[in-house]
Protein chains: 2
Amino acid sequence: MKITAMTQSLVLHFGEMGSRWGLNRTLGQMYAVIVLTEAPLNADQISEALQISRSNVSMGLKELKSWNLIKLQHIPGDRKEYFSAPSDIWEIARTLVVERRKRELDPTLSTLRDALMEQPSNESDEYTQMRVKQMHDLMEMVTLWTNEMQGMSSEKLATLLKMGEGISKILDVKDKLLLR
Amino acid sequence: MKITAMTQSLVLHFGEMGSRWGLNRTLGQMYAVIVLTEAPLNADQISEALQISRSNVSMGLKELKSWNLIKLQHIPGDRKEYFSAPSDIWEIARTLVVERRKRELDPTLSTLRDALMEQPSNESDEYTQMRVKQMHDLMEMVTLWTNEMQGMSSEKLATLLKMGEGISKILDVKDKLLLR
DNA sequence: CTGAATTTTCAGTAATTTGTGAAAATTGTA
DNA sequence: TACAATTTTCACAAATTACTGAAAATTCAG
């Protein structure tokens, strides 16, 4: 499959960024081409578009599946598997947030909890546990938020995010009008 | 410098996580020991605590400086440089968010803008641009939010984050009571 | 059930990233 | 200014991660 110059340059950029996003170059490129192309793509097309081996594509697809970022579909009369990204960009964002949380926060939260269970052996450990507690509480709040986000419709999420600079004011209003 | 068993196990964990956080193993370990230790540390102490070379510490500190994650201080009568993390965990979180945004979002936002300026050469490019527009708008909103976050006090940030499941309700209330 | 089409696995290699020691540069005090 | 203490740089080595082709496994139409 041939890709346009515009797609090509975007694909290269997302490849560069891939590693910063906890993926890697190839995964970034693969997801870019899938997201930016309207029609579902099969592995051979991706392999050709990105000039990477078929086996590399297979491994990449496996990874993208584990991130829940792609949808598998079949085309009548064609035995190949075709992949596409959700058409709703908010759905992609929601998925990314929750999957990153799983990978970046959950394991740490569990380790922090373990550390809090231990008996501090001296003042140094007491300070350490104090810090651990702070981190733990913060991360738990972030987890609550990402869970909340999962339950929100794309419309509501868009509204919330659009509030941007308004959020601080809403907080004030809430304090003043609703909770006292 | 000797570190306690508790700190040791936390340091190892943060090392593991380091790479998932856009840092790397050593950087994760270094920041962990700095955050979890009450007293400011010098490069030799870090080198000894983590069993890594002095030059590696130097490079790591350089990187942590570029992330604005550590504070340099001097101890009277000692020529060495000592480093510590902010005592306010929210300050650390704010810094992490803005620095990650700089590295993970800003460059992409700029690339997406460029792509939107181009003239689509066919329908395929038109679809691509539509997707690019969606991503661009979403990322711009996230940027707005992180900017907003920078201006918020730790107390306010904690209040906001604590709202957790309440956020959705606040949104509803805002719609009903305040904007009509 | 058979076999061609398709996908996955995996061992070896290639590419990239990280870590080290030695040397250079910088700092600050006497 | 001179020099010892300290930090930084950098070329190379070590470790890790990513990619490939070939072979194995799976799928499904006939």
Side-chain angles (χ1 to χ4, degrees), chain A residues 1 11-12 14-34 40-67 69-84 103-104, chain B residues 1 11-12 14-34 40-67 69-84 103-104:
Chain A
M1 196 193 66
V11 159
L12 290 180
F14 280 92
E16 300 289 326
M17 300 304 288
S19 37
R20 302 195 190 180
W21 277 86
L23 314 170
N24 63 39
R25 184 158 38 90
T26 305
L27 231 52
Q29 292 188 354
M30 283 182 58
Y31 202 53
V33 81
I34 291 171
L41 301 177
N42 66 44
D44 286 323
Q45 292 175 308
I46 296 170
S47 167
E48 192 193 347
L50 305 181
Q51 308 268 52
I52 59 181
S53 74
R54 180 61 184 70
S55 54
N56 202 0
V57 172
S58 180
M59 293 189 299
L61 287 171
K62 186 179 172 186
E63 186 98 7
L64 289 177
K65 280 176 210 160
S66 84
W67 279 77
L69 284 170
I70 50 176
K71 296 185 179 313
L72 164 65
Q73 51 200 157
H74 284 283
I75 291 188
D78 191 335
R79 214 165 128 183
K80 289 195 172 75
E81 298 186 319
Y82 285 77
F83 298 90
S84 61
R103 290 161 172 80
E104 298 180 1
Chain B
M1 195 192 67
V11 159
L12 290 180
F14 280 92
E16 300 290 325
M17 299 305 287
S19 37
R20 301 196 192 181
W21 277 86
L23 313 171
N24 63 39
R25 184 158 39 88
T26 305
L27 230 52
Q29 291 188 354
M30 283 182 59
Y31 203 54
V33 80
I34 291 172
L41 300 176
N42 66 45
D44 286 323
Q45 292 175 309
I46 298 171
S47 167
E48 191 193 347
L50 305 181
Q51 308 269 51
I52 60 180
S53 73
R54 181 60 184 71
S55 57
N56 201 1
V57 173
S58 180
M59 293 190 298
L61 287 172
K62 185 179 172 185
E63 186 98 9
L64 289 177
K65 281 176 210 161
S66 84
W67 278 78
L69 284 171
I70 49 176
K71 295 186 179 312
L72 165 64
Q73 50 201 154
H74 283 283
I75 290 187
D78 190 334
R79 216 164 126 182
K80 289 196 173 75
E81 297 186 318
Y82 284 78
F83 298 91
S84 61
R103 291 162 172 79
E104 299 180 359

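Numbers restart at 1 for each chain; the letters A, B, ... are given by sequence-line order, proteins then strands.
In this entry the distance linking CG of B:Asp44 with C1' of D:dA5 reads 11 Å, nearest Å. Between the CG atom of A:Asn42 and the P atom of C:dT6 there is a distance of 9 Å, given to the nearest Å. Nucleotide D:dT16 holds its P atom 18 Å from the CG atom of A:Asn24, rounded to whole Å. Taking atom OH of A:Tyr82 as the reference point, atom C1' of C:dT7 lies 14 Å away to the nearest angstrom. Between the C1' atom of D:dT7 and the CE atom of B:Met59 lies a distance of 13 Å, rounded to the nearest Å. Whole-Å rounding puts the B:Glu81 CD to D:dA5 P distance at 17 Å. Between the CE atom of B:Met30 and the C1' atom of D:dT7 there is a distance of 13 Å, given to the nearest Å. For the pair A:Ile52 CD1 and D:dG21 P, the interatomic distance rounds to 12 Å; values are reported in whole Å.
Each of A:Arg79 and B:Ala43 was assigned the nucleotide of DNA chain D with the nearest heavy atom; the assignment lying further toward the 5' end belongs to B:Ala43. Of the two residues near DNA chain C, A:Ser19 and A:Asp78, the one whose nearest nucleotide lies more 5' is A:Asp78.
Within the 4.0 angstrom heavy-atom criterion, base atoms lie near A:Asn56. Using a 4.0 Å heavy-atom cutoff across all strands shown, B:Leu61 reaches no nucleic acid atom at all.
Annotation: side chain of A:Gln29 is in contact with side chain of A:Leu12 (closest heavy-atom distance under 4.5 Å). Side chains of A:Phe83 and A:Leu64 form no contact here, defined as non-hydrogen atoms less than 4.5 Å apart.
In this structure, CG in B:Asp78 is found 11.5 Å from CD in B:Gln73, a value given to the nearest 0.5 Å. Between the CD atom of A:Gln51 and the CD1 atom of A:Ile46 there is a distance of 14.0 Å, given to the nearest 0.5 Å. Taking CG of B:Asn24 as the start and CD of B:Glu63 as the end, the distance is 7.0 Å to the nearest 0.5 Å.
Between C:dT9 and A:Lys62, a contact under 4.0 Å exists linking OP1 or OP2 to a side-chain N or O. A sub-4.0 Å separation between OP1 or OP2 of C:dG19 and a side-chain N or O of B:Thr26 is present. An OP1 or OP2 oxygen of D:dA18 is reached within less than 4.0 angstrom by no side-chain nitrogen or oxygen of A:Arg25. A sub-4.0 Å separation between OP1 or OP2 of C:dT8 and a side-chain N or O of A:Lys65 is present.
The A:Ser58 side chain lies nearest to C:dT9 when the options are C:dT9, D:dT9, D:dT8.
Counting distance only, with no hydrogens placed and no angle test, the side-chain atoms of A:Ser53 and the base atoms of D:dG21 include no donor-acceptor pair under 3.5 Å.
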